[in-house]
Amino acid sequence: MDTTAALISDALEAGRAEKLGGEMEYIRFRDAHAGVARGTVVAGKKTIRGYPHIKRIFTLENGLRRNMLDDELYAEEKIDGFNVRVAYVDGRVFAFSRGGFLDAFVTEKARESGFERFLREHPDAVLCCEMIGNTPYTAPAKGYDVKMYVFDIELGDGTYMSCGQRYELVKKYGLLSVPLLGRYRRDDYAGLRKLALALNRGRKEGMVLKGVHGRSTVKYVTPWSDIEDIANASGMLFDMPIGFFYQRVLRSAFFMKDFGLDRDRYARKLGRAFYDGLEAALEKAGRGEGVDEEFEIVIRNPEIWNDLHRHMSQDVKLEELWRKRDPSGRTRIRFRKIYRKTTKTLSAYARGKGITD
Ligand code: ATP
């Protein structure tokens, strides 16, 4: 895939790409176009490819039999954050969201997190990272600010560095890697089953299984994370995509069946996940308050707060709760996101609105 000038102008004309500004000008592919993935960014002479989807398996053994082409695989922990790509553009570090937006917040963190040295020495590479911590999208952290786990390195030509080489380089440059859980034969079902159960007990999201020769990658998540996601999202149900809840109930049912987990225990957990979140939301709506979630960020450049407002979905209202300056000149901001659709719908029902189903 070459992002030639003709292809870009075609995509712009078809409305599948757009020109954006900020700290620099770039083109963002808001949709796939002529072999160019959604989320691809073209900045000057540089193309930062959209990160590909990873196939999900619902059942471990058959899923591996059918999808894992390599004889051996690396099992990595699947970190539950958000996907960012960090790259060098004209000798400066920039970070982009999965959808291809230049993210001022992540860019500031990446510049402070030691990515500079790596990219100076590997200017064509794109570091694909999962970010967690005090960010506008993940639960506030205690004991650290943010973490950016490198899970892939794209070499600038659409190919990816082998896992083995990536683990070495990430270590050499003092960056943070997604945890490597082990190397397994693809048919070591007993070993991988044990690992899946340990991840579930350890309250981890799951694992990403990557063939050692890079021919296949699959993801497999735990029922703990399925139910945790439901618990966190049930209160904002009208702001969630269709299928969010159903998908997770299905995944957890597969896992429960495959591993013979205690069905009644999980049924109770699942019920609570739905009802606890909903009850909290109904109470807020009943008091005339917004259905919300709180976040906290620490920023150096005050413009980032405005950038966040600009990029937040129309469905979410940001409300600052407090801000504090620390002696180093950074500002800590606590804010809440109010989910408009859920707030509006639940408040109307709480005030007695009737609907014809
Ligand atoms: P899709 O990949 O189909 O777009 P999605 O965006 O909903 O799905 P997930 O279902 O969470 O994402 O799974 C894929 C994502 O998991 C990757 O894009 C990456 O952001 C994240 N991830 C976390 N840990 C890893 C890891 N060890 N290896 C690869 N990806 C990881």
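We count ligands from 1, going down the list as the structure has it; atoms in each ligand are counted the same way. Given the structure is predicted, the values throughout are model-derived calculations rather than measurements.
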Whether Phe259 and Phe255 hold their rings parallel, tilted or perpendicular, with breakpoints at 30° and 60°: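 Geometry flag for Phe255 against Phe259: parallel rings.
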Mutual orientation of the aromatic rings belonging to Phe118 and His122 [parallel < 30°, tilted 30-60°, perpendicular > 60°]: parallel
Sidechain-backbone polar pair: Asn200 side chain, Trp224 backbone, donor-acceptor under 3.5 Å: yes
Side-chain touch Pro136/Phe335, heavy atoms, less than 4.5 angstrom: yes
Amino acids contacting ligand 1, non-hydrogen cut-off under 4.0 Å: Tyr51, His53, Ile54, Arg56, Glu76, Glu77, Lys78, Ile79, Asn83, Arg98, Glu130, Phe151, Val178, Val208, Lys210, Lys219
Audit row: Tyr137, Phe105, ring-ring contact (aromatic ring centres under 6.0 Å, His included) steps and yes/no: CA-CA 11 Å; Tyr137 315 103; Phe105 172 81; 7.7 Å; no
Cluster link Leu64 to Leu199, ILVMFWY, side chain under 4.5 Å: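 Yes, Leu64 connects to Leu199 through the hydrophobic network.
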